[in-house]
2 protein chains.
Amino acid sequence: MQEGTFSSHGHCRGTTARGDVFAADCPTRRLLDRIADKWSTLILLTLHDQPMRFNGLKRRIDGVSQKMLSQTLRSLERDGLVSRSVVATVPVSVTYAITPLGASLVASLRAMIDWAETRMPEVAAAQAAYDTISGRSVPEIA
Amino acid sequence: MQEGTFSSHGHCRGTTARGDVFAADCPTRRLLDRIADKWSTLILLTLHDQPMRFNGLKRRIDGVSQKMLSQTLRSLERDGLVSRSVVATVPVSVTYAITPLGASLVASLRAMIDWAETRMPEVAAAQAAYDTISGRSVPEIA
DNA sequence: TCCGTTGGTTTCCAATGGAGACCAGGTGCT
DNA sequence: AGCACCTGGTCTCCATTGGAAACCAACGGA
């Protein structure tokens, strides 16, 4: 019966123009899965500062593998969030830049990152408390 | 040399109080990986509307497996974003609720979801354009 | 000549995610 | 009485994913 209490959520393909991420088969769900991603977030944030080339991104985003970087960049390009331009120089140089559509998402991502960076102490405290109380039953490495 | 051009980003453990998600070994990176997650996002959004029980969440969040639901809920509980309360009723009932810390993150997540639900048409158009232009080299199923 | 740099792709292996079985223990339905 | 089903999970199995590293072509510099 609780389902009915959610008034504003349709079934994705309804009379409303917007999708519904709570529906598994809605395209917005797949979109959410893409943008709610570690590497996508970091790439978009970086490119929002300035356009950058492949190896620049790789250096900037510590720990990303070449595979995930090229893969994620291709997804972002396909989704129209990032543009890719090849300059046929000496060793071919490829520059990535954020698109207006991508830029329109950055504010939200930035807010999420800001939250993570500022609220980390509270989260760490919660983790410590959790691990102390239920430490025996939930060890770090089971 | 480009690294130096990013003035505001430290090496996570610096004089600044905040972390740096761009550093692979920074705890905020792990935190980002948790909150930038499909299921975490949907769970927090749902619990922000009202507290809910396990199977309620499972019904509400279409397509989530029991394993991922319980796993994600435990992570969120450990991070202090969600609280878990067991009521020893008839069949034991477990209620999950969002904490103030979790609620402080929801606005950003909500913005991300809103972006996905409203900008989906533009993304779909970009995908169609991409698939048309480079359709032969990047077929849907390779 | 050999290394490094460009931007990737490919290969291999470990970790993750999903489907579904299984669990306890009580309750309603027949 | 017996059976299915509710609660909230866990466990096992398999497919997909992610990461590390090798490989690639073409060119520049030592």
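Numbered from 1 within each chain, the chains take letters A, B, ... in sequence-line order. Worth knowing before you read on, the calculation uses all heavy atoms, side chains too, and leaves out hydrogens, waters and symmetry mates.
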Return the value, rounded to whole Å, for the distance between atom [atom1] of [X] and atom [atom2] of [N].
| X | N | atom1 | atom2 | result |
| --- | --- | --- | --- | --- |
| B:Asn55 | D:dC6 | CG | P | 9 Å |
| B:Arg34 | C:dT16 | CZ | C1' | 12 Å |
| A:Glu77 | C:dG7 | CD | C1' | 14 Å |
| B:Lys58 | D:dT10 | NZ | P | 14 Å |
| B:Arg30 | C:dA15 | CZ | P | 16 Å |
| B:Arg60 | D:dG8 | CZ | C1' | 21 Å |
| B:Arg74 | C:dT16 | CZ | P | 14 Å |
| B:Leu73 | D:dT10 | CG | C1' | 14 Å |

Can you sort out the partners of B:Arg119 under side chain to side chain contact (heavy atoms under 4.5 Å, CB included), two or more places apart, ordered by chain and number?
A:Leu101, A:Ser104, B:Trp115, B:Glu122
For B:Arg30, side chain to side chain contact (heavy atoms under 4.5 Å, CB included) partners two or more places apart:
B:Pro27
How about A:Met52 and A:Thr95: do any of their side-chain heavy atoms sit closer than 4.5 Å?
no
Can you find a heavy atom in the side chain of B:Thr99 that is under 4.5 Å from one in the side chain of B:Val82?
no
Side-chain ([X]) to main-chain ([Y]) donor-acceptor, under 3.5 angstrom:
| X | Y | answer |
| --- | --- | --- |
| A:Ser70 | A:Lys67 | yes |
| B:Arg29 | B:Phe22 | yes |
| B:Glu117 | A:Thr28 | no |

Under 3.5 Å, which protein N or O atoms sit close to an N or O of nucleotides 28-30 of chain C? Give each pair with its distance.
none

According to a strict under-4.0 Å criterion, is B:Ser70 in side-chain N/O contact with OP1 or OP2 of D:dT10?
yes
Between C:dG8 and A:Arg84, is there an OP1 or OP2 to side-chain N/O distance shorter than 4.0 Å?
yes
Write out all pairs satisfying salt bridge (charged side-chain N to carboxylate O under 4.0 Å, His left out) with one or both partners inside residues 35-45 of chain B, taking only residues at least two apart or from two chains.
A:Asp33-B:Lys38
Identify all pairs in which a protein N or O lies below 3.5 Å from an N or O of nucleotides 1-4 of chain D, and state each distance.
none

What does the B/S/- profile of nucleotides 11-30 of chain D look like, 5' to 3', with a 4.0 Å heavy-atom cutoff to protein?
-B-----BBB-B--------
So, are A:Asp114 and B:Arg18 salt-bridged, with charged N and O less than 4.0 Å apart?
yes
Is B:Leu57 reachable from B:Val86 through a run of hydrophobic residues whose side-chain heavy atoms are each under 4.5 Å from the next?
yes
When you measure from the centre of the six-membered ring of B:Tyr96, is the NZ or CZ of B:Arg53 under 6.0 Å away and within 45° of the axis?
no
